[in-house]
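Only this structure's heavy atoms are used, side chains among them; waters, hydrogens and symmetry mates stay out. Read the numbers this way: they start at 1 and go in the same order the structure lists the ligands and their atoms.
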Amino acid sequence: MTDTALTIALSKGRIFEETLPLLAAAGIVPAEDPEKSRKLIIDTNHANIRLVIVRATDVPTYVQYGAADFGIAGKDVLIEHGGDGLYQPLDLQIAKCRMMVAVRKGFDYAAASQPGSRLRIATKYPGIAAEHFAAKGVHVDLIKLYGSMELAPLVGLSDAIVDLVSTGNTLKANNLEAVEHIIDISSRLVVNKAALKTKHTLIEPIIQAFAGVVQAE
Ligand code: PRT
Ligand code: MG
């Protein structure tokens, strides 16, 4: 690969789907659907542009180390990662959701979260959770999970969870309710700081095309 080639890191699922129109606006069309292919490197209609398909939480890492020149990652993932080595020029306004505290219906959260009290919190986002409860003066025992956080309060693993909510259907289906809003989340463009300089003429038009779509909406 020469300096005139671009590698873009994306995750499958909602981010990939919502990124397709952005890529199209920049004239980039993937040669394959990663949902249907097992390939981790996907070619595009441009011989010098390829996509690498990684876990959502790994996107910042690939971009930070320059294994991908840029990528798209949720704000949730970026806060937990820390954003080292990453330039974040654009809020793409896709994959929107809210970071919330949720508990079993009927659990007296107001009483349990008084300053000085102690709560057990299950989450995939220990950094965000720690900061939120520290600001409230609530002590927390953080239990790190990698998925299905909604189960934790139902089986006594935790008092509450810190998780993403979009429609609210998952909480409802599991007899949970959101009791606190921590932060609004959307996905961001993340660019490797060195690549932004060395590949500026390749990357800048893509950023502009993405920005045009965001502004039009
Ligand atoms: O799923 P996998 O373990 O492979 O990886 P991932 O969960 O990290 O990736 P993915 O594709 O599920 O999410 C990628 C990004 O999408 C996240 O980093 C968020 O920035 C964003 N996003 C937007 C969401 C949601 N909305 C969302 N609703 N990510 C996850 N969810 C989950 C949430 O955790 C909960 O379990 O969906 C469930 C709730 O959805 P509702 O609609 O029932 O409220
Ligand atoms: Mg998921």
Side-chain angles (χ1 to χ4, degrees), residues 8-23 30 32-40 42 51-64 68 70-84 86 88-105 121-129 131-132 142-155 157-191 210 213-214 217:
I8 305 171
L10 296 174
S11 56
K12 281 199 229 186
R14 68 191 100 217
I15 286 183
F16 187 83
E17 277 162 35
E18 295 192 44
T19 299
L20 280 177
L22 297 170
L23 291 173
E32 276 176 275
D33 177 354
E35 300 291 349
K36 291 181 186 139
S37 166
R38 286 173 188 274
K39 280 193 187 166
L40 298 174
I42 306 254
L51 310 179
V52 291
I53 306 301
V54 304
R55 285 295 290 265
T57 43
D58 291 334
V59 167
T61 306
Y62 277 82
V63 176
Q64 173 186 13
F70 70 89
I72 294 175
K75 186 73 186 164
D76 49 320
V77 166
L78 289 168
I79 296 172
E80 287 295 323
H81 174 271
D84 251 24
L86 303 176
Q88 300 182 33
L90 203 54
D91 180 348
L92 298 169
Q93 299 288 337
I94 61 169
K96 285 185 178 181
C97 54
R98 302 171 306 283
M99 186 71 69
M100 309 280 288
V101 180
V103 298
R104 251 183 307 109
K105 269 201 188 114
I121 306 292
T123 187
K124 190 176 161 183
Y125 305 99
I128 293 171
E131 192 178 327
H132 174 71
L142 292 171
I143 300 171
K144 166 86 183 182
L145 292 178
Y146 294 87
S148 302
M149 268 77 77
E150 292 88 353
L151 181 61
L154 304 178
V155 295
L157 181 61
S158 72
D159 302 308
I161 60 173
V162 167
D163 194 12
L164 298 173
V165 179
S166 47
T167 62
N169 289 339
T170 307
L171 292 182
K172 200 182 288 175
N174 290 293
N175 204 34
L176 302 174
E177 61 183 355
V179 286
E180 226 161 39
H181 173 269
I182 300 178
I183 186 176
D184 284 328
I185 299 290
S186 56
S187 287
R188 315 294 161 115
L189 186 64
V190 290
V191 186
F210 285 10
V213 175
V214 176
E217 275 161 16

Tyr125, any N or O under 3.5 Å of ligand 1 N or O = no
inquiry  = Using 0.5 Å steps for rounding, measure from the CD1 atom of Ile182 to the CD1 atom of Ile79.
reply    = 9.5 Å
inquiry  = So for ligand 1, is Ser11 a polar contact partner (N or O within less than 3.5 Å, distance only)?
reply    = no
remark   = So the atoms of ligand 1 within less than 4.0 Å of a heavy atom of Ala56 turn out to be 8 (O), 9 (O), 14 (C)
query = So is Gly74 in contact with ligand 1, going by heavy-atom distances below 4.0 Å?
reply = yes
task = Please determine if Lys75 has a nitrogen or oxygen closer than 3.5 Å to a nitrogen or oxygen of ligand 1.
result = no
ask   = Counting only heavy atoms, which portion of Thr167 has something under 4.0 Å from ligand 1: side chain, backbone, both, or neither?
value = both
task = Would you mind listing which atoms of ligand 1 come within a distance below 4.0 Å of any non-hydrogen atom of Val77?
result = 18 (O)
request  = Compare Arg14, Met99, Glu17 and give the one whose heavy atom is closest to atom 12 (O) of ligand 1.
outcome  = Arg14
query = If you look at every heavy atom in Phe70 and Val63, which pair is closest and at what distance?
reply = C-CG2, 3.7 Å
ask   = Quick one: does Gly168 get within less than 4.0 Å of ligand 1, heavy atoms only?
value = yes
query = Any sub-3.5 Å donor-acceptor pair from Glu18's side-chain atoms to Ala95's backbone N or O?
reply = yes
task = For Asn169, take its heavy atoms, then give the atoms of ligand 1 lying under 4.0 Å from any of them.
result = 43 (O), 44 (O)
query = Would you say Lys39 has more than 12 foreign heavy atoms packed within less than 6.0 Å of its NZ?
reply = no
inquiry  = Return the CG to CD1 distance between Asp163 and Ile121, rounded to the nearest 0.5 Å.
reply    = 12.0 Å
Subset of ligand 1 atoms that lie under 4.0 Å from at least one heavy atom of Lys124 = 6 (P), 7 (O), 8 (O)
request  = Can you establish whether the number of heavy atoms outside Tyr125 located under 6.0 Å from its atom OH is more than 12?
outcome  = yes
key: Proximal ligand 1 atoms for Thr170, defined as those under 4.0 Å from one of its heavy atoms   = 38 (C), 39 (C), 40 (O), 41 (P), 43 (O)
Heavy-atom closest pair, residues Ala73 and Val59 = CB-CG1, 4.0 Å
ask   = Which ligand 1 atoms, with their elements, are less than 4.0 angstrom from a heavy-atom of Val165?
value = 44 (O)
task = Examine ligand 1 and decide if any of its atoms is less than 4.0 Å from a heavy atom belonging to Lys172.
result = no
Atom CD of Gln88: over 12 foreign heavy atoms under 6.0 Å = yes
note = Restricting to heavy atoms, the pick from Asp76, Asn174, Leu171 nearest atom 18 (O) of ligand 1 would be Asp76
message = Check whether Glu80 reaches the backbone of Ile128 with its side chain - one donor and one acceptor, N or O, closer than 3.5 Å.
response = yes
query = Mind checking whether Tyr146 has an N or O less than 3.5 Å away from an N or O of ligand 1?
reply = no
message = Just so I know, are the side chains of Leu176 and Ile161 near enough to count as touching, which here means a heavy-atom distance under 4.5 Å?
response = yes
ask   = Can you list every pair that meets salt bridge (Lys or Arg N to Asp or Glu O under 4.0 Å) and has a residue in residues 178-187, with sequence neighbours left out?
value = Lys136-Glu180
For Lys12, the ligand 1 atoms whose distance to one of its heavy atoms is below 4.0 Å = 11 (O)
query = Short N/O distance, under 3.5 Å, between Ser187 and ligand 1?
reply = no
task = Report the part of Glu150 in contact with ligand 1, treating N, CA, C, O as backbone and CB onward as side chain, heavy atoms under 4.0 Å; options are side chain, backbone, both, neither.
result = side chain
query = Which one holds for Leu164 and ligand 1: side chain close, backbone close, both close, or neither close, with close meaning a heavy atom under 4.0 Å?
reply = both
request  = Give the contacting part of Ser166 toward ligand 1: side chain, backbone, both or neither, where contact means a heavy-atom distance below 4.0 Å.
outcome  = both
Show me the donor-acceptor pairs within less than 3.5 Å that the side chains of residues 142-154 make with the rest of the protein, sequence neighbours left out.
unit_1 : atom_1 : unit_2 : atom_2 : d
Lys144 : NZ     : Lys124 : O      : 3.3

task = Any atoms of ligand 1 less than 4.0 Å from a non-hydrogen atom of Ile185? List them with their elements.
result = 20 (O)
note = Nearest heavy-atom contact between Asn174 and Thr170 is ND2-O, 2.8 Å
